[in-house]
Amino acid sequence: MHQLKSNKGSSRPNNQTVSSHRPACNGQAWLPLVQMIHSHVEKCGFFGDLFVPNSLIDSYSKCGSLGVKSAMKLFVAMDEKDIVSWNSMIGGLVKAGDLSSARKLFDEMPVRDMVSWNTILDGYAKAGEMNEAFELFHKMPGRNVISWSTMVSGYSKAGDMEMAKLLFDKMPVKNIVPWTIIISGFAEKGLVKEAAKLYDQMEVTGLRPDDGTLISILAACAESGSLGLGKRVHASIKRARFKCTINVSNALVDMYAKCGSIDNALSVFNGMYKRDLVTWNCMLQGLAMHGHGKQALELFSRMQQEGFKPDKVTLIGVLCACTHAGFVDEGLCYFNTMERDYGIVPHIEHYGCMIDLLGRGGRLKEAFRLVQNMPMQPNAVIWGTLLGACRLHNAVALAELVQDRLVTHEPSEPGNYSMLSNIFAAAGDWNSVANMRLQMKSTGVQKASGASSIELDNEVHEFTVFDKSHPNSDTIYQMIDKLGHDLKQVDYVLQIDY
């Protein structure tokens, strides 16, 4: 139990005692403690010092939606309020996602400072309400780096990189934060040339990237598969002889692994003097994702030998490794003993891995039985994984059964209808194909075209079926036609081993 400690041996807590508990209270589980502190405050009569109720508002606001409601009750009941009271309450409402109440309070403020404006501006930007954010930004009596950075970040997350870059260029003063935001924004969208150019410009200005900058940009590279920019960042780290923290090294391992450059990921991994569990998980999942199942399991053994205890993320990587390598029995063994050997109760993600493992291995009845015996309700991902396995093995009867369950979770997901239609087609059941297509049409379901991407000359190119938007689309389709013709000439037959 948490207890209020007395101050300097006194028998009663004072206002300093109360305020000292404020930074520790974070998360819904802390709400009872904040309520207990509030009760002591009322009994001891500490409300005369405005710092105390302001601290309580801040603490309540960190305890989820129920905490914000309690904070609002306290705020309304306060006879005296200063600008900190208003800002703390607005910040709590913004954090809870109640932008309308936050804006109402903002409009009622007798006096506003830069914190007031930036708090409500940040709320609009994070909610993606950029029209409201821009209107507020335009009305601001003064703007600082935080205001400009918030707008650049909001437009970047909304995908409007043109507006983000326009605002970035107009910034009167830039520190490392807006540079990080704009570079990461372009990298996440696969606009590698623009991101690389900005990264070079940042270096020219003399700004030294910190851990946060490097981690953010590398994470963006990992997300978009921008290996070229990731390598450029790594090269600048080496060139500047930047002493990488374990978090930066982990970001490098993760970036290389997710971009498919396993050799580079292993090089960084093996060169690390110190590793944590995140390091091992990143490397293990990278190996698993790219089909190096045996190597991943060897790494898992090495990890345990070096004294690291696996967590639930580690076991997901292990099960994925078994899935991609086709180690069905090994995967079952790890799954069935993970609670006994590692103290990890299987989560829905582990069940998903097992459904995928059994499904790919053709053991569909076992996979379906496992879904039925799960201790939690199977979600759309679980049913979708099983439907994918049915398609792989043309299991028509089971696919229809799975589709019925899946429709209850995702009634308007076009991929599910399309997959079942393809299963019927593979089985030659054209009447069912026609019925499924009619059903899709009647419900207004339309499947979006799948997209593939490839990085070439520091630029990520995305392609969809029958896409003509690429400037070299004519040449690309000519090459595809030529490849198709050449394959026919050698009488190529596709072989798939299950």
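Heads up: numbering here begins at 1 and tracks the sequence. Values below: every heavy atom of this structure, side chains too, minus hydrogens, waters and symmetry copies. Note that this is a predicted model, so its numbers are computed, not measured.
Separation of atoms CG (L93) and OG1 (T119) is listed at 11.0 Å; rounding is to 0.5 Å. Taking NZ of K231 as the reference point, atom OG of S261 lies at 5.5 Å (rounded to 0.5 Å). Atom-to-atom distance recorded for N247:CG and T279:OG1 is 8.5 Å, nearest 0.5 angstrom. Between atom CE of residue M374 and atom CD1 of residue I348 there is a gap of 4.0 Å, rounded to the nearest 0.5 Å. With values rounded to the nearest 0.5 angstrom, T245 atom OG1 is found 11.0 Å from K274 atom NZ. Taking SG of C244 as the reference point, atom CG of N250 lies at 10.5 Å (rounded to 0.5 Å).
Just one residue in the list T323, T385, V381 forms a side-chain contact (heavy atoms from CB on, under 4.5 Å) with I355, and that residue is T385.
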Side-chain atoms of residues 175-184: list all donor-acceptor pairs with protein atoms under 3.5 Å, sequence neighbours left out, distances to 0.1 Å.
{"from": "N175", "atom 1": "OD1", "to": "V177", "atom 2": "N", "distance (Å)": "3.0"}
{"from": "T180", "atom 1": "OG1", "to": "I176", "atom 2": "O", "distance (Å)": "2.8"}
{"from": "T180", "atom 1": "OG1", "to": "T213", "atom 2": "OG1", "distance (Å)": "2.8"}
{"from": "S184", "atom 1": "OG", "to": "T180", "atom 2": "O", "distance (Å)": "2.8"}

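For W148 and F168, the ring centers are positioned 6.0 Å apart or more.
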Q.
Set out, in order, the CA-CA distance, both residues' side-chain angles and the distance that settles side chain to side chain contact (heavy atoms under 4.5 Å, CB included) for L227 and M255, then state yes or no.
A. CA-CA 8 Å; L227 178 60; M255 181 276 297; 4.2 Å; yes
Q: Take M78 and I57 through the side chain to side chain contact (heavy atoms under 4.5 Å, CB included) test and state the conclusion after the steps.
A: CA-CA 11 Å; M78 288 170 65; I57 289 173; 3.6 Å; yes
Q. Please walk me through it: do N379 and I382 pass side chain to side chain contact (heavy atoms under 4.5 Å, CB included)?
A. CA-CA 5 Å; N379 59 20; I382 296 289; 3.3 Å; yes
Q: For the pair L386 and V371, evaluate side chain to side chain contact (heavy atoms under 4.5 Å, CB included) and give the outcome as yes or no after the intermediate values.
A: CA-CA 9 Å; L386 188 54; V371 174; 4.2 Å; yes
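For the pair I344 and P310, the tightest heavy-atom approach, listed with the atom from each and the gap, is CD1-O, 3.5 Å. When all heavy atoms are compared, the tightest approach of S236 to Y199 is OG-OH, 2.6 Å. For A222 against C259, the heavy-atom pair with the smallest separation is CA-SG, 4.4 Å.
Counting only residues at least two apart or in different chains, side-chain hydrogen bond (donor to acceptor under 3.5 Å, both in side chains) contacts with residues 154-168 comprise K165-D169. Sorted by first and then second residue, the salt bridge (Lys or Arg N to Asp or Glu O under 4.0 Å) pairs involving residues 208-224 (not counting sequence neighbours) form an empty list. Among residue pairs with one or both ends in residues 104-129, those qualifying as ring pair (Phe, Tyr, Trp, His ring centres under 6.0 Å) are F106-W117; sequence neighbours excluded.
Looking at S267, its side chain never comes within 3.5 Å of a backbone N or O of D263 through a donor-acceptor pair. Judged by distance alone, the side chain of H234 and the main-chain N or O of L252 form no donor-acceptor pair under 3.5 Å. Looking only at distances, a side-chain donor or acceptor of S147 sits under 3.5 Å from a matching main-chain atom of N144. The backbone N or O of D122 sits nowhere less than 3.5 Å from a side-chain atom of T150 that would complete a donor-acceptor pair.
L121 places a side-chain heavy atom less than 4.5 Å from the side chain of M140. The shortest side-chain heavy-atom distance between C282 and F269 does not fall under the 4.5 Å cut-off. Under the 4.5 Å side-chain criterion, counting only non-hydrogen atoms from C-beta, C320 is not in contact with Q285. With contacts defined as side-chain heavy-atom distances shorter than 4.5 Å, the pair I237/V248 qualifies. Residues Y60 and L66 form no side-chain contact, since every pair of their non-hydrogen atoms from C-beta on lies 4.5 Å or further apart. With contacts defined as side-chain heavy-atom distances shorter than 4.5 Å, the pair M272/V253 qualifies. Side-chain contact between M72 and L105 is present, with at least one heavy-atom pair separated by less than 4.5 Å. Here the side chains of M283 and V268 are not in contact, with every heavy-atom distance at 4.5 Å or above.
H290 pairs by the ring-ring contact (aromatic ring centres under 6.0 Å, His included) definition with nothing, not counting sequence neighbours. By the ring-ring contact (aromatic ring centres under 6.0 Å, His included) test, F186 pairs with no residue at all, sequence neighbours left out. Annotation: salt bridge (Lys or Arg N to Asp or Glu O under 4.0 Å) contacts of R241 (sequence neighbours excluded): none. Applying the salt bridge (Lys or Arg N to Asp or Glu O under 4.0 Å) rule to R275 yields the partners E306; only residues at least two apart in sequence or on another chain are considered. For F308, the ring-ring contact (aromatic ring centres under 6.0 Å, His included) partners at least two apart in sequence or on another chain are W280. Contacts of R103 classified as salt bridge (Lys or Arg N to Asp or Glu O under 4.0 Å), with partners at least two apart in sequence or in another chain: D107. Among residues two or more places apart in sequence or in another chain, the salt bridge (Lys or Arg N to Asp or Glu O under 4.0 Å) test is passed with K139 by E135. Qualifying ring-ring contact (aromatic ring centres under 6.0 Å, His included) partners for H324, counting only residues two or more places apart in sequence or in other chains: none.
E203 has no carboxylate O lying under 4.0 Å from a charged side-chain N of R232, or vice versa, which leaves the two without a salt bridge.
Ring geometry for F134 versus H138: interplanar angle under 30°, hence parallel rather than tilted (30 to 60°).
Within 6.0 Å of NZ on K174 lie more than 12 heavy atoms contributed by other residues, nucleotides or ligands. No more than 12 heavy atoms of other residues, nucleotides or ligands lie within 6.0 Å of NZ in K69, so this atom counts as exposed by the packing criterion.
Of the N and O atoms on the side chains of S116 and D113, at least one donor lies less than 3.5 Å from an acceptor on the other residue.
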